[in-house]
Asks: 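Take a look at the following structure, please.
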Amino acid sequence: MKWKFAVVREPGARYCDCLSDHPLRNDVNIGKARRQHIAYRQALSDLGLQIILLPREDSLPDSCFVEDTAVIFGKKAFITRMARESRRGEEVAIIDTLSNYLHIQQAIAPATIEGGDVIHLERGLIAGITQRTSLEGIQQMQKWLGTSVETITNPSIMHLKSYVTFLGKRTILITKEFENHPNLKRFRKIIVPNDEKYAANTLRINRVILMAANRPKSIQLVRDAGFEVIPIDTTEFEKCDGALTCLALIF
Ligand code: CIR
């Protein structure tokens with residue numbers, strides 16, 4: 001599957017009120033966040049993706065993290081129901097946009113699910129049952145998308161993809177604590193150093209891997225494993241508990 005489009009949305013006026021447990025959450029620089037967002041969009045565009053830039057949502061602090069609003073597979077999109085009240089409503093503009101390209105269905109309460117919990121493999125998906133995603137959310141998604149979905153349960157984490165991402169070529173980048181999970185046994189694993197856990201969230205655009213620029217040891221490990229890596233500055237998204245995949249819906 002070759003990705004063609006990236007839906008993105010710039011941080012809005014209330015970005016500094018984002019949900020976050022990061023120690024630097026009160027130190028977010030919105031001007032810098034927007035500059036980093038422009039560079040991110042440019043990198044995706046340079047890789048051949050058509051950028052679909054949504055208007056800012058100034059009243060929704062976390063609305064730049066568009067990944068969480070939908071899970072796309074083939075010609076279908078499953079619109080999620082986010083766990084946190086303050087994020088509900090982010091999906092409205094996403095539905096408007098995606099319905100121009102894809103068949104859409106929405107999650108039904110009380111299920112919750114967020115795109116940050118869903119790993120796309122070459123065939124099928126792996127989904128986390130976490131603080132943000134329930135088993136029922138995954139079951140609804142699986143029914144609509146009609147593909148195989150394996151699960152990894154860890155109720156203490158926010159999103160699975162902060163710990164595991166798929167790089168292609170049967171390889172995953174992963175933090176140590178998930179290394180021995182039975183549903184990940186078949187993959188070649190690259191383990192991020194303990195002081196670079198944030199690096200585990202990578203964005204794969206066809207054959208190229210985007211990685212957080214300030215995690216050099218992990219970048220080197222991925223390059224040594226034969227992947228092309230583009231480092232991207234994400235400091236102002238990290239402070240809001242966001243990373244590279246969170247900022248785009250790719251299809
Ligand atoms: C949140 O807590 O919901 C946002 N501040 C961060 C969401 C990050 N999204 C992602 O990992 N997919």
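Counting starts at 1 for both ligands and their atoms, in listed order.
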Asks: Heavy-atom distance under 4.5 Å between the side chains of His37 and Pro11, does that happen here?
Replies: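 The answer is yes, as the side chains (C-beta and beyond) meet within the 4.5 Å cut-off.
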
Asks: Other than Ile209, what residues sit in its cluster of Ile, Leu, Val, Met, Phe, Trp and Tyr side chains whose heavy atoms are under 4.5 Å apart, directly or through others?
Replies: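 Noted: Ile209 shares its cluster with Leu167, Leu173, Ile190, Val192, Met211, Ile219, Leu221, Val222, Phe227, Val229.
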
Asks: Tell me which residues fall inside the under-4.0 Å heavy-atom shell around ligand 1.
Replies: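 The 4.0 Å shell around ligand 1 contains Leu19, Asp62, Phe65, Glu67, Asp68, Arg87, Gly116, Arg132, Met158, His159, Cys240, Asp241, Gly242, Cys246.
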
Asks: So, using ring pair (Phe, Tyr, Trp, His ring centres under 6.0 Å) as the criterion, who are the partners of Phe178 when residues are at least two apart?
Replies: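 Result, ring pair (Phe, Tyr, Trp, His ring centres under 6.0 Å) vs Phe178: Tyr163.
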
Asks: For residues Ser156 and Gln131, is any side-chain donor paired with an opposing acceptor at under 3.5 Å?
Replies: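 Ser156 vs Gln131: no donor-acceptor pair found between side chains.
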
Asks: Going by side-chain hydrogen bond (donor to acceptor under 3.5 Å, both in side chains), name the pairs with one or both residues in residues 222-234, residues two or more places apart or in two chains.
Replies: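 Every side-chain hydrogen bond (donor to acceptor under 3.5 Å, both in side chains) pair that includes a residue of residues 222-234, provided the two are not neighbours, is Tyr198-Thr234, Gln220-Asp224.
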
Asks: Just checking, is any N or O donor in the side chain of Thr165 or Asn201 under 3.5 Å from an acceptor N or O on the other one?
Replies: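 Per modelled atom types, Thr165 and Asn201 side chains form no pair under 3.5 Å.
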
